[in-house]
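Step one of this worksheet: look at the structure below.
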Amino acid sequence: MKKLISLCFVFLSLTLQHNAQAATVYGIEVLIFSRDNASAYSEYWPTPDKPPASGISLSSGGYNERSARSFMLKSTDKRIRNTSGLRVIYHKAWTQSVRKGRSSKPVSIRAGSVMDDGYHELEGAITVDRGHYLHFKPDLQLRRTVTLEDGFQKTIAAVLDEPRRMKSKEAHYIDHPLFGILVYATPLN
């Protein structure tokens, strides 16, 4: 009888542990826009000391890209597109299993035209992990060509590497003087 009780206890413990570590599947939607009318001269933009972050491609990396029909930020996208000086650079969504801990693979972000330095206008990676809350971690570089006082043109790169804790089913905004990110995460299971 004691063996049966011990066996039941072990089985129950393993079941509870497995459920605690089970992944939640999320729909992650990311909208990134540029403030084209923002002055690149108003602040000093140091040259990044590293190339843009890399990650897995949505088309081949194990996360499933979602169709535009699933977008929750459609009306926001439309308002940004209709606002002078703002430009949507990236708007995509994907399905991702997220476990507690820091085991998620970053998603590669590349958008916009290729600049003189060989990088895309927007390049980097986004990681979504989970602790008590979801953790949204962008590591992005936005490039812009500016004309200097002497008439020469220079490519500058602004970095956005600002992790954010977030709740699901809420739009979250991450701000930068030259661009902004809106993210929306929806649990699917």
Side-chain angles (χ1 to χ4, degrees), residues 13-34 48-77 80 87-112 114-115 118-143 157-189:
S13 296
L14 289 174
T15 303
L16 291 175
Q17 182 180 12
H18 174 72
N19 289 341
Q21 294 176 353
T24 301
V25 177
Y26 286 93
I28 309 292
E29 181 179 357
V30 176
L31 188 152
I32 303 172
F33 63 93
S34 173
D49 58 355
K50 61 180 182 172
S54 62
I56 60 171
S57 166
L58 283 180
S59 60
S60 63
Y63 299 146
N64 297 318
E65 188 168 351
R66 302 180 73 192
S67 74
R69 290 188 314 252
S70 71
F71 288 179
M72 299 297 290
L73 300 172
K74 287 180 198 173
S75 63
T76 304
D77 181 299
I80 290 170
R87 179 171 51 94
V88 173
I89 304 173
Y90 181 91
H91 190 180
K92 290 192 177 184
W94 62 90
T95 302
Q96 176 179 345
S97 292
V98 182
R99 293 185 186 280
K100 283 195 172 191
R102 307 284 185 251
S103 61
S104 296
K105 297 175 187 172
V107 173
S108 179
I109 305 294
R110 282 192 176 145
V114 177
M115 307 298 285
Y119 293 111
H120 286 80
E121 180 181 6
L122 177 69
E123 198 156 336
I126 292 173
T127 306
V128 180
D129 285 321
R130 191 176 90 196
H132 184 65
Y133 293 97
L134 284 174
H135 296 268
F136 180 79
K137 298 182 264 185
D139 187 356
L140 301 170
Q141 295 181 9
L142 176 78
R143 287 172 163 62
V159 176
L160 182 67
D161 184 5
E162 186 178 316
R164 179 74 50 98
R165 286 188 323 176
M166 55 186 260
K167 292 181 179 179
S168 60
K169 298 182 187 176
E170 290 182 5
H172 291 267
Y173 176 62
I174 300 173
D175 191 26
H176 186 281
L178 298 181
F179 63 117
I181 301 174
L182 285 161
V183 61
Y184 195 93
T186 307
L188 301 176
N189 62 346

Determine, step by step, whether Gln96 and Val128 satisfy the side chain to side chain contact (heavy atoms under 4.5 Å, CB included) criterion, reporting the C-alpha distance in whole Å, the side-chain angles of both residues, the deciding distance to 0.1 Å, and the verdict.
CA-CA 9 Å; Gln96 176 179 345; Val128 180; 3.9 Å; yes
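- Judged purely by atom type and a 3.5 angstrom limit, Gln141 uses its side chain to pair as donor or acceptor with the backbone of Lys50.
- Sorted by first and then second residue, the salt bridge (Lys or Arg N to Asp or Glu O under 4.0 Å) pairs with a member in residues 52-64 form an empty list; sequence neighbours excluded.
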Starting from the C-alpha separation in whole Å, work towards a yes-or-no answer on side chain to side chain contact (heavy atoms under 4.5 Å, CB included) for Leu140 and Val159.
CA-CA 6 Å; Leu140 301 170; Val159 176; over 6 Å; no
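- The list of salt bridge (Lys or Arg N to Asp or Glu O under 4.0 Å) pairs with a residue in residues 178-189, not counting sequence neighbours, is empty.
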Evaluation steps, side chain to side chain contact (heavy atoms under 4.5 Å, CB included), between Thr95 and Tyr26:
CA-CA 6 Å; Thr95 302; Tyr26 286 93; over 6 Å; no
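- Separating the CD1 atom in Ile32 from the CD1 atom in Ile89 is a distance of 7.5 Å, to the nearest 0.5 Å.
- A search for side chain to side chain donor-acceptor pair (under 3.5 Å) contacts involving Lys92 returns nothing, not counting sequence neighbours.
- Remark: Pro106 pairs with Ala125, Thr127 by the side-chain contact (heavy atoms from CB on, under 4.5 Å) rule, at least two apart or across chains.
- Evaluation of the side chain to side chain donor-acceptor pair (under 3.5 Å) rule for Lys167 yields no partner, not counting sequence neighbours.
- Every residue meeting the side chain to side chain donor-acceptor pair (under 3.5 Å) condition with Thr24, not counting sequence neighbours, appears here in chain and number order: Arg130.
- Counting heavy-atom neighbours within 6.0 Å of Lys105 NZ, excluding the residue itself, gives a total of 12 or less.
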Please assess Ile174 against Leu160 for the test side chain to side chain contact (heavy atoms under 4.5 Å, CB included), listing each intermediate value before the final yes or no.
CA-CA 9 Å; Ile174 300 173; Leu160 182 67; 3.9 Å; yes
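- Between Glu121 and Arg143, none of the side-chain N atoms (NZ, or NE/NH1/NH2) sits under 4.0 Å from a carboxylate O, so this pair counts as no salt bridge.
- Rounding to the nearest 0.5 Å gives a distance of 7.5 Å between CG of Leu31 and OG1 of Thr76.
- Partners of Glu29 by salt bridge (Lys or Arg N to Asp or Glu O under 4.0 Å), not counting sequence neighbours: none found.
- In this structure, the side chain to side chain donor-acceptor pair (under 3.5 Å) partners of Arg164, at least two apart in sequence or on a different chain, are Glu162.
- One distance of note links OG of Ser108 with OH of Tyr63; it measures 12.5 Å at 0.5 Å rounding.
- By the salt bridge (Lys or Arg N to Asp or Glu O under 4.0 Å) test, Arg66 pairs with no residue at all, sequence neighbours left out.
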Just distance, no hydrogens or angles: give the donor-acceptor pairs under 3.5 Å from side chains in residues 180-189, sequence neighbours left out.
unit_1: Tyr184; atom_1: OH; unit_2: Lys169; atom_2: O; d: 3.4
unit_1: Asn189; atom_1: OD1; unit_2: Val25; atom_2: N; d: 3.0

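- Listed by first and then second residue, the side chain to side chain donor-acceptor pair (under 3.5 Å) pairs that reach into residues 170-180 are Arg35-Tyr173, Arg35-Asp175, Tyr173-Asp175, sequence neighbours excluded.
- To the nearest 0.5 Å, the span separating CE on Met115 from CG on Leu142 amounts to 8.0 Å.
- In this structure Phe71 satisfies the ring-ring contact (aromatic ring centres under 6.0 Å, His included) test together with His91, sequence neighbours excluded.
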